[in-house]
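Structure record follows, encoded as structure tokens.
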Amino acid sequence: MALRFHNTLTQSVEDFSTQDGKTVRMYTCGPTVYHYVHIGNLRTFTFQDLLRRWLNYRGYVLNHVMNITDVEDKIIRGAMQQGKSLREYTSVYEEAFLEDIDRLRLQRPERLVRATEHIPEMLDAIAKLREGGYTYDSEGSVYYRIARFPSYGKLAHLDVSGMKSGARVDVDEYDKDDARDFVLWKSRKEGEPYWDSEFGAGRPGWHIECSVMAMKYLGETLDIHAGGIDLTFPHHENEIAQSEAITHKTFARFWLHAEHLMVEGQKMSKSLGNFYTLRDLVEQGWQPDIIRYLLASAHYRTKLNFTFDGLRSHASSLERLRNFKLRLDGGKFPEGGPATMAGRTSDALAGFEAAMDDDLNTAGALAAIFEFVRDANSAMDAGTFAAADRAPAHNLLAAFDSIFDILRPVEREGGLSDAAIDELVNERIAAKKARNFSRSDEIRHLLLTGGVILEDTREGTRWKRK
RNA sequence: GGCGCGGUAGCCAAGUGGUAAGGCAGAGGUCUGCAAAACCUUUAUUCGGGGGUUCGAUUCCCCCCCGCGCCUCCA
């Protein structure tokens, strides 16, 4: 089956292709760096990571650009409150963002770009829109006139014709011709950061940065544009209106949107007290790899219910996978004979790939892996898992982990060294052989105190860090 | 009001016009010096409710109930 993605533009699942057959020109909306990113943001970024990895797995070369919005109302307010420059204020959260995505093992895009470093390009784009008659000025600001862009609403599938100003116009929006018009360049306000321009002193509107940076680095037509579902309207709709008014070409061929996550069945919000950042969860003792696993395990277009029960559940589930890998790595299997699991292994890989090809069905992909794990464990118990089965099984886990990236435990600092553990384990094996069980148990407890769990299996003693 | 999404076992979560993946949790069992790990059996005659189309619907259509999102800043 071909690789397929759900395209918001057509509201259907379509076969994926790129313009040149090889490189994916992908733009994703990154963070607004005015606070630490929350678990909902990270759900979307995790989706983008899975998307990257799967495209890569399928042989595409990625050219992925992610923006960092570092000028915007909330940022300006925060910076002013703290008496800091924009850059001083945003750099804290930008660095924190990079730390967070690293902890979640999210691959870095090929390029991270800041809005404030593209002001001239934005001004240039606004000038082009003005030349094309898509703008009007009002009280020192420049607005985009959506009435001039007939297909406005095609992404969000909104019929804007009947929605005129007057229905729900904010007090501070009275100066627009139409409630849906959006600002391209905001006139300077006293005390706020600003840039001088041919449109007067001011700062850019939010939407223009993405149009400009996407096209600067990726060309006039993107293969994929992705983001959270709430960005569909107005942000992405406005990006289309801006970009296509300038180029008269399709701005993005595939629009992929990740659903929101809920927390304990409710919308995450600060007022409900269920608003979490990665830092919050790590402080509570949750490992980032568990969180990654939870975020990756549900399909990206369904609402994901983030719960602490869910985290516990995934911690156990992940333990099962890692135990299997330990067994596969360290087990002794019958040599010389033919592989007995060849069919099962290739079936599992095919099932995994088919699920991922089908609009990144990670839940289905996981099912294929777990079914294999059960069968392989069963074969190992029965003694029919052959040494020749090891390499194909390894390849399967490697394929899986090249996408999910959860089998490698989080590295801990301090504690016992591997060599010290091995020494104690060997001493215990000798003690057991001599049926000196008191010494044997003593060593088990000693290691447990040091955070090391011992397991005696039919393939020998193995250990793992807690 | 408009547009859109969803309601599948205790919890999480796939899925298909032909008779319900997977994970976690629970129960029983096997194995075991201990402790684990692992395996086996078991847990939805049923997929929010009611109609309809069909030989057959959880899957298609209609209505209703519930939850949610967007329509204004928002991952």
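- With sequence neighbours left out, the side-chain hydrogen bond (donor to acceptor under 3.5 Å, both in side chains) criterion links A:Asn238 to A:Tyr152, A:His207.
- In terms of the ring-ring contact (aromatic ring centres under 6.0 Å, His included) criterion, A:Phe372 has no residue partners (sequence neighbours excluded).
- For A:Thr135, the side-chain hydrogen bond (donor to acceptor under 3.5 Å, both in side chains) test picks out no residue, with sequence neighbours left out.
- In this structure, A:Leu366 places its CG atom 10 Å from P of B:G23, rounding to the nearest Å.
- Looking at A:Ser316, its side chain has no donor and acceptor atom pair within 3.5 Å of the base of B:G23.
- Residue A:Leu261 is in base contact, counting any heavy-atom pair closer than 4.0 Å across all strands shown.
- Geometrically, A:Arg203 does not engage A:Tyr194 in a cation-pi contact, judged by NZ or CZ lying under 6.0 Å from the ring centre and within 45° of the ring axis.
- In terms of the side-chain hydrogen bond (donor to acceptor under 3.5 Å, both in side chains) criterion, A:Glu423 has no residue partners (sequence neighbours excluded).
- If you look at A:Tyr36 and A:Tyr93, their ring centroids are closer than 6.0 Å.
- A sub-4.0 Å separation between OP1 or OP2 of B:C12 and a side-chain N or O of A:Ser297 is absent.
- Sorted by first and then second residue, the pairs that involve residues 396-407 of chain A and meet side-chain hydrogen bond (donor to acceptor under 3.5 Å, both in side chains), not counting sequence neighbours, are A:Arg53-A:Asp405, A:Asp405-A:Arg408.
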Please list, pair by pair, any protein nitrogen or oxygen found under 3.5 Å from a nitrogen or oxygen in nucleotides 57-62 of chain B.
none

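- Between A:Arg312 and B:C11 there is no side-chain N or O to OP1 or OP2 distance below 4.0 Å.
- Checked by distance alone, A:Asp309 brings no side-chain donor or acceptor within 3.5 Å of a matching partner on the base of B:C24.
- By the 5.5 angstrom centroid cut-off and the 30-degree plane limit, A:His314 is classified as not stacked against the base of B:G23.
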How far apart are the C-alpha atoms of A:Arg322 and A:Glu319, what are their side-chain angles, what is the distance that settles it, and do they pass the salt bridge (charged side-chain N to carboxylate O under 4.0 Å, His left out) test? CA-CA 5 Å; A:Arg322 287 182 179 165; A:Glu319 195 59 25; 5.2 Å; no
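- Taking 4.0 angstrom as the limit, A:Asn361 places none of its side-chain polar atoms (N or O) nearer than this to OP1 or OP2 of B:A14.
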Watson-Crick and G-U pairing of RNA chain B, under 3.5 Å, as dot-bracket with | and [ ]: (((((((..(((.....[...))).(((((.......))))).....(((((..]....))))))))))))....
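- Separation of the P atoms belonging to B:G49 and B:U72 is 36 Å when rounded to the nearest angstrom.
- Sequence order on RNA chain B of the closest nucleotides to A:Thr307 and A:Thr32 puts A:Thr307 first from the 5' end.
- Between A:Arg444 atom CZ and B:A37 atom C1' the separation is 11 Å, expressed in whole Å.
- Evaluation of the side-chain hydrogen bond (donor to acceptor under 3.5 Å, both in side chains) rule for A:Tyr276 yields no partner, not counting sequence neighbours.
- A sub-4.0 Å separation between OP1 or OP2 of B:A37 and a side-chain N or O of A:Asn323 is absent.
- Minimum atom distance to the side chain of A:Arg320 is reached by B:G23, of the listed B:A13, B:C34, B:G23.
- The salt bridge (Lys or Arg N to Asp or Glu O under 4.0 Å) contacts involving residues 364-380 of chain A comprise A:Arg344-A:Asp375, where partners must be two or more places apart or lie in separate chains.
- The stretch residues 345-356 of chain A participates, sequence neighbours left out, in these salt bridge (Lys or Arg N to Asp or Glu O under 4.0 Å) pairs: A:Arg58-A:Glu353.
- Every salt bridge (charged side-chain N to carboxylate O under 4.0 Å, His left out) that A:Asp456 has, sequence neighbours left out, goes to A:Arg428, A:Lys432, A:Arg444.
- Summarising the geometry, the separation between CD on A:Glu237 and P on B:C71 is reported as 12 Å, rounded to the nearest angstrom.
- Here B:G23 presents its C1' atom at 14 Å from CG of A:Leu311, a figure rounded to the nearest Å.
- Proximity of residues 5-15 of chain A to RNA chain B (heavy atom under 4.0 angstrom from any strand atom) is restricted to A:Gln11.
- B:U32 atom C1' lies 13 Å from atom CD of A:Glu455, rounded to whole Å.
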